Amino acid sequence: MPRWGDGVNGDMERFAARAEMQPIMRTFGGLALSSQGRAMVAQIREKWSQAAIAAIELEIGRSIAERGMDNTADLFDHAVQRAGGNEAKFMALFNIVMRYGTVVEKVQRRQVDPFAF
């Protein structure tokens with residue numbers, strides 16, 4: 001099963017190899033990366049940071065979705081049990097379950113856009 005980032009790892013390895021091939025400057029204190037090499041290293045660090053943030057955001061989204069689904073299923077089962085076969089009572093309780101689904105959607109949207117309502 002492929003893990004998150006398998007495709008990114010190959011790209012990052014190629015990017016890192018390019019950075020290693022950049023010219024090295026000789027200085028009085030020894031060897032140092034050229035300004036181009038330092039810029040490449042900074043880009044690599046930034047890309048890795050972005051990849052890590054994306055992975056965390058995906059895990060948060062998954063957790064929200066799983067918890068929302070589990071809670072909705074539990075609420076539905078509870079509504080069926082509480083209604084006890086009374087269809088009118090079940091419909092009233094089912095409306096509450098549906099409103100909970102709307103709350104879950106709002107929470108998911110806020111993860112993507114903190115200013116969403």
Side-chain angles (χ1 to χ4, degrees):
M1 172 180 209
R3 294 183 356 231
W4 182 89
D6 284 344
V8 173
N9 286 341
D11 292 339
M12 294 305 289
E13 287 171 9
R14 286 190 294 280
F15 196 64
R18 275 185 45 213
E20 289 175 8
M21 292 187 298
Q22 294 304 313
I24 294 177
M25 298 185 320
R26 291 199 180 275
T27 66
F28 292 113
L31 298 177
L33 273 178
S34 66
S35 60
Q36 186 180 12
R38 287 191 305 276
M40 184 81 62
V41 169
Q43 286 178 339
I44 291 170
R45 286 186 179 141
E46 178 64 24
K47 294 285 184 194
W48 277 112
S49 295
Q50 291 171 0
I53 290 168
I56 291 167
E57 288 174 342
L58 287 172
E59 284 304 312
I60 291 169
R62 177 182 172 187
S63 178
I64 291 169
E66 286 178 354
R67 186 166 296 183
M69 286 187 285
D70 290 345
N71 289 349
T72 302
D74 290 345
L75 283 172
F76 181 81
D77 293 344
H78 186 68
V80 169
Q81 182 181 13
R82 289 291 303 250
N86 181 328
E87 191 173 327
K89 192 174 188 181
F90 173 75
M91 290 308 296
L93 295 172
F94 183 73
N95 284 330
I96 295 170
V97 174
M98 293 300 291
R99 282 194 296 260
Y100 178 76
T102 303
V103 171
V104 172
E105 288 176 13
K106 286 179 183 178
V107 170
Q108 287 175 314
R109 269 190 248 118
R110 273 198 311 261
Q111 183 206 355
V112 176
D113 179 4
F115 301 105
F117 293 98

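Sequential numbering from 1 along the given sequence is applied to the chain's residues. Computed from a predicted structure; not experimentally measured.
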Side-chain donor-acceptor contacts of residues 93-101 below 3.5 Å, not counting sequence neighbours, with atom names and distances?
| residue | atom | partner | partner atom | Å |
| --- | --- | --- | --- | --- |
| Asn95 | ND2 | Met91 | O | 3.4 |
| Tyr100 | OH | Asn71 | ND2 | 2.9 |

With a cut-off of 3.5 Å and sequence neighbours excluded, list every side-chain donor-acceptor pair involving residues 79-86.
| residue | atom | partner | partner atom | Å |
| --- | --- | --- | --- | --- |
| Asn86 | OD1 | Ala88 | N | 3.0 |
| Asn86 | OD1 | Lys89 | N | 3.1 |

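Here Glu66 pairs with Arg62 under the salt bridge (Lys or Arg N to Asp or Glu O under 4.0 Å) rule; sequence neighbours left out.
In terms of heavy-atom proximity, Gln111 sits nearest to Glu57 at NE2-O, 2.8 Å.
If you take OG1 on Thr72 and CG on Asp77, they are separated by 11.0 Å, rounding to the nearest 0.5 Å.
Cluster membership check: Ile64 shares its hydrophobic cluster with Ile56, using side-chain heavy-atom separations under 4.5 Å among Ile, Leu, Val, Met, Phe, Trp and Tyr.
Formation of a donor-acceptor pair under 3.5 Å by the Ser49 side chain with backbone atoms of Arg45 is found in this model.
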